[in-house]
Amino acid sequence: MTSSGADTVTHPNGMLTDGFRLTVDALKANGVDTMYGVVGIPITDLARVAQAKGIRYIGFRQEQAAGHAAAAAGFLTGRPGICLTVSAPGFLNGLVALANATTNCFPMIQISGSSQRSIIDLRQGDYEELDQLNAARPFTKAAFRVDRPQDIGVGIARAIRAAVSGRPGGVYLDLPAAFLSATVPAEVGRAAMFQAVDPAPAQIPAAESITRALDLLAQAQRPLIVLGKGAAYARADEAIRSFIESTGIPYLPMSMAKGLLPDDHHQSAAAARSLVLGQADVVMLIGARLNWQLEHGQPPRWSAAARFIQVDVDPVEIDSNRPIEAPVTGDIASAMTAFNAAVQRGHAAVPDAWRQAINDRTAQNAAKMHARLTADAVPMNFSTALRAIRDVLDGHRDAYLVNEGANTLDFARDILPMYQPRHRLDSGTWGVMGVGMGYAIAAAVESGQPVVAVEGDSAFGFSGMELETICRYQLPVVTIVFNNGGIYKGDERNTHSADPAPTVLLQSSRYDKLIAAFGGTGYQADTPDELGHALRAALSNGKPALINAVIDPAAGTESGHLASMNTTSSLQPAH
Ligand code: ADP
Ligand code: MG
């Protein structure tokens, strides 16, 4: 049999179908319309059949970027993003992205071909031999293998349910070559197909948990709401906004929750972050974990006396870092609906002193920020370059923003406001580098909107070859490389040999010429004006573009905002 897209193939034994076709049929039956991946043995025909049957296949240059794209698609759509990989090395390349999806609670399914099990299990040295199913387990929410064509409907349904129900995450689905090529009568295949009903069921929180939380909130003098990317993922935008506005409680958005309410909302405490973390007496976490990004909820960052409410779909998350007095276990949409219904019966006003303290600190910090943004820095630093980008993006509020790097991430998170929910994708819970082009491609493919990727030069390097993918599919992605010639900074000198210092990259790099090689448009920008012009031109063009933004190699700090985590030699001077 050759793989046309046809559902079945005539054969001397009657109408037959095979593992390739049934896999695509089962995905289609469950509404999958896009797949990201890299083809090769044994899954090349899977992509062909998918394309023939109307699933869009986006082919990448390396599996990690394809996996990051699938993960971002999962976050953006609420349906599992699908990544297709070849056996062993391709599978492992994709596994980084699958683990990252699990860590970030993004629904994703990595579907990988695998070699012959009888040879793998006896370690007889097959082509691309690896026990992939077991290798995947520790990094996933669930892992499954389908061995028989008639089981694929169940396999896909289980993978989808595992990915999207409860706390979303990464799922691995192993498809051995023998399964893919196995044939069964067409009617056996058809009987195996079904659509999973309600794969992400609502999880209604207990009524008493809502009452307990509101009772605690009513005792607050200095209440604070923290919105995490779980709140963005929940697509409960109106319910969340309504709760925040009707209670008047100040809120702090985590980076990927920015835009859930517009960043210029008068209740945003983002510009008074230190103040509110340090002084809040009752904190309501909505889809945000008390992990390193919130300094584990511990002093001195937080008040030792603060009391916590946590709204989360995963009951095991509660108490993970500090005792939670009022856990609300359930999905955020259901929880916020319940909160809103209860709040209509009346809620204590937020004390004026607290609002005033936040407003004062916000005004102070805004003045400092304004001075940094408008300084006349030559060459550009992170702030002046980002001011130019901010001014252009103010007229493109539908654009998606992808952001990774160290200083590039820290500064952009604070300087670039978001006005729409789920429009910002960044390094996330792991602080991972290499998500840039994959996330950007998924944002463009899934939304059809323009995407701006603000990338540190080091971060960009991890997925830079995907510029070819962006150009091949003609996606409206503008990549801005913050070229400061280094990891963190570009000005370290090695005084011991002729080799560059460990943190140094070539600052003479012309990243703009990389995209020109693939037919995209490159721009060089040495000043904020040039950067602004280039970005405006690229966005109005709507075609693949890259701006090489030259940043002072001395700007920024080692490890960015995470300098305190940077373990340095205690034997100074060591070098
Ligand atoms: P951030 O990094 O923005 O703080 P995290 O990834 O740390 O966000 O936290 C997201 C939290 O949201 C996770 O604990 C996850 O279990 C939870 N979550 C994800 N989706 C939902 C949902 N639909 N309803 C409730 N909680 C959710
Ligand atoms: Mg750099």
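First listed ligand is number 1; within each ligand, the first listed atom is number 1.
- Of the protein's non-hydrogen atoms, Ile332 CG1, 3.1 Å is the one closest to atom 25 (C) of ligand 1.
- The closest approach between any non-hydrogen atom of Gly330 and ligand 1 is below 4.0 Å.
- At the top of the distance list for atom 3 (O) of ligand 1, counting protein heavy atoms only, stands Lys229 N, 2.7 Å.
- For atom 13 (C) of ligand 1, the nearest protein heavy atom (residue, atom name, distance) is Asp312 OD2, 3.3 Å.
- Close approach of ligand 1 to Thr429 is summarised as follows: ligand atoms under 4.0 Å from at least one heavy atom of the residue are 6 (O).
- Checking Arg413 against Asn403 by side-chain atom types alone, no donor-acceptor pair falls below 3.5 Å.
- The shortest N or O to N or O distance between Asn104 and ligand 1 is not under 3.5 Å.
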**Request:** Take Arg56 and Met35, measure what side chain to side chain contact (heavy atoms under 4.5 Å, CB included) needs, and give me the verdict at the end.
**Result:** CA-CA 6 Å; Arg56 190 166 192 207; Met35 268 161 49; over 6 Å; no

**Prompt:** Going through the checks in order, is the salt bridge (charged side-chain N to carboxylate O under 4.0 Å, His left out) test met by Glu325 and Arg212?
**Reply:** CA-CA 9 Å; Glu325 212 171 306; Arg212 186 166 48 217; over 6 Å; no

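- Side-chain atoms of Glu466 and Ser463 form no donor-acceptor pair, as typed in the model, at a separation below 3.5 Å.
- Contacts of Val226 with ligand 1, taken as heavy-atom pairs under 4.0 Å, are absent altogether.
- Ionic pairing of Asp319 and Arg322 is not present here: no N-O contact between side-chain nitrogen and carboxylate oxygen is shorter than 4.0 angstrom.
- At least one heavy atom of Gln293 sits less than 4.0 Å from an atom of ligand 1.
- Residue-to-ligand polar distances place Val313 within reach of ligand 1: an N/O pair is separated by less than 3.5 Å.
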**Prompt:** Yes or no on side chain to side chain contact (heavy atoms under 4.5 Å, CB included) for Tyr233 and Met256, after CA distance, side-chain angles and deciding distance?
**Reply:** CA-CA 9 Å; Tyr233 179 80; Met256 284 180 60; over 6 Å; no

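- Polar contact with ligand 1: absent for Asp314 (N/O pair, distance under 3.5 Å).
- The closest side-chain donor-acceptor pair between Asn340 and Thr337, if any, does not fall under 3.5 angstrom.
- Under a 4.0 Å N-O distance rule, the pair Arg241/Glu245 qualifies as a salt bridge.
- Remark: minimum distance from atom 20 (N) of ligand 1 to any protein heavy atom is reached at Tyr233 CD2, 3.7 Å.
- Within ligand 1, counting atoms from 1 as listed, the ones closer than 4.0 Å to a heavy atom of Asn291 are 7 (O).
- With a 4.0 Å cut-off on non-hydrogen atoms, Val311 does not touch ligand 1 at all.
- Defined by atom type and a distance below 3.5 Å, a donor-acceptor pair is missing between the side-chain atoms of Asn321 and Gln298.
- Of the protein's heavy atoms, Gly230 CA, 3.7 Å lies nearest to atom 19 (C) of ligand 1.
- Taking the six-membered ring for Trp and the full ring otherwise, Phe91 and Tyr172 have centroids separated by under 6.0 Å.
- Scanning the protein for heavy atoms near atom 5 (P) of ligand 1, the closest one is Arg289 NE, 3.4 Å.
- Atom 23 (N) of ligand 1 has as its closest protein heavy atom Ala234 CB, 3.7 Å.
- Heavy atoms only, all atoms of each residue included: Gln267 and Ile244 are closest at NE2-O, 2.8 Å.
- Contacts with ligand 1 closer than 4.0 Å are made by side-chain heavy atoms of Met254 only, the backbone lying farther away.
- Ligand 1 places these atoms under 4.0 Å from at least one heavy atom of Gly287: 8 (O), 9 (O), 10 (C), 11 (C), 12 (O).
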